[in-house]
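Notes follow once the structure below has been shown.
Letters A, B, ... mirror the listed sequences (proteins, then strands); counts begin at 1.
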Protein chains: 2
Amino acid sequence: MRTRAASSKPTIRDVAAEAGVSIATVSRALNGRAPIASETAKKVQAAVQALGFRANRTGRELRAGTSRTVGVLVPSLANPVFAESVAGIQDAAREAGWSVLIASSAYEAERENQAIEHLLSHRVGGLVLTVADADRSATLDGLDREGMPYVLVYNQPDRADRSSATIDNIAAGRDATRALIAAGRTRLAMVAGRFAASDRSKQRYRGFGEALAEAGLSQVALIELGFDAPEVDGPTRRLLTGPDRPTGLFCSTDLLALRVMALLREAGLRVPDDVAIVGFDGIPVGRLTAPSLATIAQPSHEMGRRAFLHLLARIEGAAPERILLPYELRPGGSLPPGR
Amino acid sequence: MRTRAASSKPTIRDVAAEAGVSIATVSRALNGRAPIASETAKKVQAAVQALGFRANRTGRELRAGTSRTVGVLVPSLANPVFAESVAGIQDAAREAGWSVLIASSAYEAERENQAIEHLLSHRVGGLVLTVADADRSATLDGLDREGMPYVLVYNQPDRADRSSATIDNIAAGRDATRALIAAGRTRLAMVAGRFAASDRSKQRYRGFGEALAEAGLSQVALIELGFDAPEVDGPTRRLLTGPDRPTGLFCSTDLLALRVMALLREAGLRVPDDVAIVGFDGIPVGRLTAPSLATIAQPSHEMGRRAFLHLLARIEGAAPERILLPYELRPGGSLPPGR
DNA sequence: TGACGAACTGAAAACGTTTACGACGACGCC
DNA sequence: GGCGTCGTCGTAAACGTTTTCAGTTCGTCA
């Protein structure tokens, strides 16, 4: 029996000494994995209380070889849509007794890799993440090689071996565009962030194109805006506000849509009279602007939740699954109602 | 020398065997804490490459007794202002080679405690957190008792023994209110969330009251709105839109300000002509609304950064510090310029 | 030449936990 | 009465790392 400095944290040994049993018995009493005499259990509980013992997860993890911690990687927490999916993951993880280790990539491939490397060194049980391009990602290839389970959020991969929880981006892009067409707009364009950094943008663009095709419209203009730069360059501005400007805009992100609305307002154009707008994501502030933002509302919180739960299943050995959740075209003042 | 399954992750032992040295040498070569022959270092590097070795943090942490991981607790990730401070913490942590474990309290005291308990069981090196009331918090009392270092964000405690990184909420509330008065408004009110859940709201309210007093105005109306409930009840609505309605509103949060603006708009009132509004936080979307939102802009990202850096110092033994960062009254269309 | 320090390396202990294995008593059954 | 079974518990090993301690081999200086 060892003595210990009062300042240091009590370990399972101290509890065992206090309760007059072995450390194995303490461990069993705490985890309930084996039969324990109820009297012994009481003594252990009392000792735990007396010492203020809190099991050290590090020891447990080292022994178990895994950590009941999920690594989460998002492009940025500044976008409310990602923050909300993290909140969903967080909630589900808490309920399951898991912890959440977080990292962000800032939309950069190198940081993506570094972050994953960092998370893996923690021996996380699995990962929930959003990457630039789910079908060709060196990061994901690496995870596959290592046999590390993961589930994608927002990404909608073609490959059936990559788990994901998302909405149908192509169909949603189509629906958004159909709504613009139903509102009588024929000169349409899509506004995206950095196209290369987002496979979802591409999928939404595909849906956009399909809706145009089925309506016999040919213009498939794409206007790229860039996530970070708060300034919009002259040519882009003219494209949006010049004489040949579109009368309907599908924006691949709500934040983008709000920026565009502000830009149009500065230029003296009215939404939706001069330009109708549909966004994508369904962030809460979209309801509060004037006019309010019509958008494709994703169930971000639920997506995070489902992603985590599916990750748990994958860790238990379940097959990969591509979970498609329902989305909704949320009406708003930026889009006149269809005829 | 042991053999191992090819599927399992390589350990430092495998590297040692591959390089033909001892595990101690591998450890030293990897951490650079002791002199190593350059030739030996090369062999180790080669073995690391060959095996794809990644040091297991769990083992390191167990041995070290601490974890180079910071626990972060925020009320909610849904509010962009908290998400941004987390991003700041995240950035600083990454640069320092630390990891971020995240939890949220949903503004509930019990969840606050549970979350802290959870983070502590990970043996985090310290905590960065935002609590309901920094001066009387059972959670913080517990941390003090355990000698666990922490730094508060957004909270601005009176007690000198509690570290924090924040702005001067009282002064900011005063400045916001002075701006409303300078704009010629005399019937003023403050709108807050759940007052009890936010010491900062109280501090801002105090600044509000001080500004009214110095201008010889007596009305110190407080309108409580509630964070979660999207609906505003009838009495509150009448207070905001009735005949005796205020002509200037100071909102303790930008999200609240945006909700109020939407509510006034529904009621047919014009901002800023009928009611001038100043918010608090400086969330980016505030620039994009029509009219744009005048607000007290907090350096949220920087606050998170500084909080983490100060936490590192505290862990090294530095004394507690209450860091006050500069804020800015950001002009916006919701507030007519002062005379 | 001998002593001494510097550079480098290895053996082994330690961090806190879980768990395989074995031991012990009590009990039921033939 | 012997034997297996069940419930309960303790001993000790193991997880992967860092670090102390103790060498060994050099070069250098008196």
Side-chain angles (χ1 to χ4, degrees), chain A residues 1-2 4-5 7-44 47-48 51-69 120-125, chain B residues 1-5 7-44 47-48 51-69 97 120-125:
Chain A
M1 196 173 308
R2 310 173 313 163
R4 55 181 307 117
S7 70
S8 182
K9 302 216 147 101
T11 77
I12 201 173
R13 289 200 149 71
D14 304 311
V15 177
E18 174 87 10
V21 298
S22 76
I23 61 168
T25 300
V26 175
S27 174
R28 286 189 276 247
L30 261 43
N31 298 311
R33 284 220 187 297
I36 287 281
S38 68
E39 190 186 357
T40 313
K42 276 205 193 81
K43 282 194 297 188
V44 171
V48 166
L51 298 176
F53 171 75
R54 184 183 303 122
N56 182 332
R57 261 169 214 265
T58 312
R60 190 204 307 260
E61 288 171 10
L62 182 56
R63 164 70 212 222
T66 179
S67 74
R68 296 181 85 72
T69 293
L120 290 186
S121 76
H122 275 276
R123 293 298 191 268
V124 292
Chain B
M1 196 171 308
R2 310 171 312 160
T3 61
R4 56 181 306 117
S7 71
S8 181
K9 302 216 146 102
T11 77
I12 201 173
R13 289 202 149 70
D14 304 311
V15 177
E18 174 85 11
V21 298
S22 76
I23 61 168
T25 300
V26 175
S27 174
R28 285 189 275 248
L30 260 43
N31 298 311
R33 285 219 187 297
I36 288 281
S38 69
E39 189 186 355
T40 312
K42 274 204 194 83
K43 280 194 299 188
V44 171
V48 166
L51 298 176
F53 171 74
R54 182 184 303 123
N56 182 333
R57 257 169 216 265
T58 312
R60 188 204 308 259
E61 289 172 9
L62 182 56
R63 163 72 210 221
T66 179
S67 73
R68 296 182 85 72
T69 294
L120 289 186
S121 75
H122 275 276
R123 293 298 191 271
V124 292

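Between B:K9 atom NZ and D:dT17 atom P the separation is 12 Å, expressed in whole Å. Straight-line distance from the CD1 atom of A:I36 to the P atom of C:dT19: 13 Å, rounded to whole Å. Rounded to an integer number of Å, the gap from B:R68 CZ to D:dT17 P is 17 Å. Rounded to whole angstrom, the span from the CZ atom of B:R33 across to the P atom of C:dA7 amounts to 18 Å. Note: CZ (A:R60) to C1' (D:dA14) measures 17 Å, nearest angstrom. In this structure, the CG atom of A:L30 is 13 Å from the P atom of C:dT19, given to the nearest Å. In this structure, B:N56 atom CG and D:dA14 atom C1' are separated by 14 Å, rounded to whole Å. Counting to the nearest Å, the C1' atom of C:dT17 and the CZ atom of B:R123 are 11 Å from each other.
Listed nucleotides D:dT8, C:dG16, D:dT17 differ in distance to B:L62; the shortest reach to its side chain belongs to C:dG16. Closest to the side chain of A:N31, from the set D:dG7, C:dT9, C:dT18, is C:dT18. For A:T40, the listed nucleotide lying nearest its side chain is D:dT8; candidates were C:dA13, D:dT8, C:dA7. Ranking C:dC8, D:dG16, C:dT18 by closeness to the A:S27 side chain, first place goes to C:dT18.
As judged by a 4.0 angstrom heavy-atom cut-off over every strand, A:A64 is placed among residues making no nucleic acid contact. B:A34 comes within contact range of no nucleotide atom at all, as no heavy-atom separation falls under 4.0 Å.
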Practice prompt. Apply the test side-chain hydrogen bond (donor to acceptor under 3.5 Å, both in side chains) to residues A:S121 and B:R57: give CA-CA distance (whole Å), side-chain angles for both, the deciding distance (0.1 Å), then the verdict.
Written response: CA-CA 6 Å; A:S121 76; B:R57 257 169 216 265; 2.5 Å; yes
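No donor-acceptor pair under 3.5 Å is formed between the side chain of B:N31 and the backbone N or O of B:R33. Between the side chain of A:T66 and the main chain of A:A64, no donor-acceptor pair closer than 3.5 Å is present.
What you find for A:P10 and B:R123 is that their closest heavy atoms are O-NH2, 4.5 Å. Residues A:R13 and A:I23 approach most closely at CA-CG2, 3.8 Å, considering heavy atoms.
One finds the CZ atom of A:R54 at 6.5 Å from the NZ atom of A:K9 (value rounded to the nearest 0.5 Å). To the nearest 0.5 Å, atoms CD1 (B:I12) and CZ (B:R60) are separated by 9.0 Å. Put simply, CG on B:L51 and OG1 on B:T11 are 9.0 Å apart, with the number rounded to the nearest 0.5 Å. Expressed to the nearest 0.5 Å, how far CG of A:L120 lies from CG of B:N56 amounts to 11.5 Å. In this structure, B:K43 NZ and B:I36 CD1 are separated by 10.5 Å, a value rounded to the nearest 0.5 Å.
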Strictly under 3.5 Å: I want the nitrogen or oxygen pairs between protein and nucleotides 10-12 of chain C, one per line.
residue, atom, partner, partner atom, Å
C:dG10, OP2, B:S22, N, 2.9
C:dG10, OP2, B:S22, OG, 3.0
C:dG10, OP2, B:T25, OG1, 2.5
C:dG10, N7, B:R28, NH2, 2.7
C:dG10, O6, B:R28, NH1, 3.2
C:dG10, O6, B:R28, NH2, 3.3

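Contact annotation: side chain of B:R63 to base of D:dT18, donor-acceptor pair present below 3.5 Å.
Note on the helix from C:dT1-D:dA30 to C:dC30-D:dG1: angle between the axes of the first and last five pairs equals 50°, rounded to 10 degrees.
Of the residues near DNA chain C, A:R57 and B:A37, the one whose nearest nucleotide (by heavy atom distance) lies more toward the 5' end is B:A37.
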